[in-house]
J.: 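Next up is a structure, given as structure tokens.
Side chains are part of it too, since the values below use all heavy atoms of this structure and drop only hydrogens, waters and symmetry mates.
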Amino acid sequence: MNRSLFLLIFLLPNFVGALPIDKAQPIHVKAQAVAVDEKKGYSIYTGSASVTQGLLALSAEKIQIFNDQNSATKIIAEGDEKNRAHYQQTRPGQQIPIEADADNITYLIKVEELHLKDNASVSQGLLSLSAETIKIFNKQTEVSKIVAQGDEKNRARYQQIKSNQSSFIEATAQNITYLIKTQMLYLKGNALLVQGTDSFSGATLDYDIKNDKVVVKKSKDGKQRVRFKIKL
């Protein structure tokens, strides 16, 4: 048995049950090489590394797992020039998984948050969000909210093709918050939503995805007014 494989198997009991998703499932870690620093409490896996636990999967060229008192507290996945770090999660009863990609993905286990940094994107079926940084919040082991934050060069972007519509929906803003359960989309900062030939813009914009309703508001100082264009 080679050294890397031995270290991997030896460390697994410390990780089992640490993640809130699929707690009863064991954690499986694969990589071409592994380095462990027991004093500092972390291990580094490199070379097509992957972490899986039940229906959760995280893969990257390099993955770091941090421990605190024999339980995993944080996982950092770093991509390379060819491939970004990748995250995928499927819940029971869901046929379409939530997938996320970024140059860097940090999973904070105790608070159930995923932080995606640099070239970040999240998708589920025909819905996608992209931005410089994206945070995914879990509540009771299920994704509850996704927050996308743009930067000076690139704004956050939302795209979707609704199954009951042929038109393509696209929205951009400095900040986009998507609430999963209520299917509400909140855009802040130079908000713009385009649906087919119709467009809406303002300082803030609320979009009810389920009921296909748009609420647009001007800025408080009145400098950014509400605009809309509808083709009848």
Side-chain angles (χ1 to χ4, degrees), residues 84 86-91 93-105 112-140 142-232:
R84 293 181 293 169
H86 180 74
Y87 165 86
Q88 180 172 311
Q89 178 184 341
T90 305
R91 297 305 307 159
Q94 289 183 342
Q95 296 181 348
I96 304 175
I98 292 177
E99 299 188 66
D101 296 275
D103 293 341
N104 182 290
I105 298 178
E112 300 185 55
E113 291 181 13
L114 274 147
H115 295 183
L116 286 68
K117 183 180 179 182
D118 298 330
N119 198 20
S121 64
V122 177
S123 64
Q124 185 178 33
L126 300 176
L127 179 155
S128 66
L129 272 167
S130 59
E132 185 64 19
T133 61
I134 296 177
K135 292 183 179 181
I136 301 176
F137 299 84
N138 289 277
K139 186 176 182 180
Q140 295 179 346
E142 293 187 5
V143 176
S144 60
K145 180 173 65 174
I146 301 175
V147 178
Q149 181 66 49
D151 57 17
E152 295 180 356
K153 295 182 179 180
N154 299 303
R155 298 196 295 170
R157 184 178 302 273
Y158 165 89
Q159 295 177 320
Q160 182 184 18
I161 298 177
K162 299 187 71 174
S163 58
N164 61 339
Q165 296 179 355
S166 58
S167 60
F168 182 75
I169 300 171
E170 184 173 23
T172 58
Q174 291 298 321
N175 180 282
I176 297 178
T177 298
Y178 176 44
L179 302 183
I180 308 295
K181 188 175 181 179
T182 59
Q183 294 188 47
M184 287 294 301
L185 199 70
Y186 298 97
L187 287 73
K188 294 181 180 180
N190 296 318
L192 170 66
L193 186 142
V194 178
Q195 184 176 15
T197 57
D198 302 337
S199 64
F200 309 85
S201 64
T204 64
L205 186 151
D206 301 342
Y207 177 47
D208 185 338
I209 299 172
K210 185 176 181 180
N211 298 306
D212 199 24
K213 293 182 179 180
V214 179
V215 177
V216 189
K217 297 180 181 180
K218 66 179 182 179
S219 60
K220 292 182 179 180
D221 58 14
K223 293 182 179 180
Q224 188 173 1
R225 302 175 65 185
V226 173
R227 296 182 179 181
F228 62 91
K229 178 182 178 182
I230 300 176
K231 185 177 181 180
L232 301 176

J.: Main chain of Phe137, side chain of Ser144: is a donor-acceptor contact present, judged purely on distance under 3.5 Å?
T.: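 Indeed, once roles are kept as given, a pair shorter than 3.5 Å links the two residues.
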J.: Tell me, please, which residues at least two apart from Ala100 pass side-chain contact (heavy atoms from CB on, under 4.5 Å).
T.: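 Counting only residues at least two positions away or on another chain, Ala100 forms a side-chain contact (heavy atoms from CB on, under 4.5 Å) with Tyr87, Leu116, Val122, Ile136.
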J.: According to side-chain contact (heavy atoms from CB on, under 4.5 Å), who are the partners of Asn104, at least two apart in sequence or on a separate chain?
T.: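 Asn104 satisfies side-chain contact (heavy atoms from CB on, under 4.5 Å) with Ile76, Glu78, Thr106, Lys117 only.
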J.: Please answer whether the main-chain N or O of Glu112 pairs with a side-chain N or O of Asn138 as donor and acceptor at a distance below 3.5 Å.
T.: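 Checked: pair present.
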J.: How long is the straight-line distance from OG of Ser123 back to CD1 of Ile96, given to the nearest 0.5 Å?
T.: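 Atom-to-atom, Ile96:CD1 and Ser123:OG are 10.0 Å apart.
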J.: Any chance you could measure Leu129, atom CG, to Gln160, atom CD, to the nearest 0.5 Å?
T.: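 Between Leu129 CG and Gln160 CD, I get 9.5 Å after rounding to 0.5 Å.
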J.: Between atom CD of Gln159 and atom OG of Ser128, what is the distance when rounded to the nearest 0.5 Å?
T.: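 Here the interatomic distance stands at 4.5 Å.
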J.: Any chance you could lay out the side chain to side chain contact (heavy atoms under 4.5 Å, CB included) test for Met184 and Asp208, step after step, and finish with the verdict?
T.: CA-CA 5 Å; Met184 287 294 301; Asp208 185 338; 3.6 Å; yes
J.: Within the 4.5 Å heavy-atom criterion, are Gln195 and Val214 side-chain neighbours or not?
T.: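 No, every pair of side-chain atoms sits at 4.5 Å or beyond.
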J.: Please report the C-alpha distance between Phe200 and Leu187 in whole Å, then the side-chain angles of each, then the deciding distance to 0.1 Å, and finally whether the side chain to side chain contact (heavy atoms under 4.5 Å, CB included) criterion is met.
T.: CA-CA 11 Å; Phe200 309 85; Leu187 287 73; over 6 Å; no
J.: Could you pull out the closest heavy-atom pair between Gln174 and Gln149, with the gap in Å?
T.: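 Looks like O-NE2, 3.1 Å.
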J.: Below 4.5 Å, heavy atoms only, C-beta onward: do Gln124 and Val143 meet side chain to side chain?
T.: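 No, their side chains stay 4.5 Å or more apart.
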J.: Give the C-alpha distance, both sets of side-chain angles, the deciding distance and a yes or no for side chain to side chain contact (heavy atoms under 4.5 Å, CB included) between Tyr158 and Thr172.
T.: CA-CA 6 Å; Tyr158 165 89; Thr172 58; over 6 Å; no
J.: Find the distance between CG (Leu127) and CD1 (Ile146) and round it off to the nearest 0.5 Å.
T.: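 So the gap between those two atoms works out to 7.5 Å.
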J.: Nearest 0.5 angstrom please: Gln183 CD to Ile209 CD1, how far?
T.: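 Those atoms lie 6.0 Å apart.
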J.: Where do Lys213 and Tyr207 come nearest, in terms of heavy atoms and distance?
T.: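 Nearest pair, atom of Lys213 first, then Tyr207: O-CD1, 3.2 Å.
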J.: Checking side chain to side chain contact (heavy atoms under 4.5 Å, CB included) for the pair Lys145/Val147: CA distance, chi angles, key distance, verdict?
T.: CA-CA 7 Å; Lys145 180 173 65 174; Val147 178; 4.1 Å; yes
J.: If every non-hydrogen atom of Gly150 is compared with every non-hydrogen atom of Ala131, which pair is closest and at what distance?
T.: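 That would be N-CB, 4.4 Å.
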J.: Might you point out which heavy atoms bring Ala173 and Arg155 nearest each other, and give the distance in Å?
T.: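 In this case the closest contact between Ala173 and Arg155 is O-CB, 3.3 Å.
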J.: Rounded to the nearest 0.5 Å, what separation is found between the CD atom of Glu132 and the CG atom of Asp118?
T.: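 It comes to 5.0 Å.
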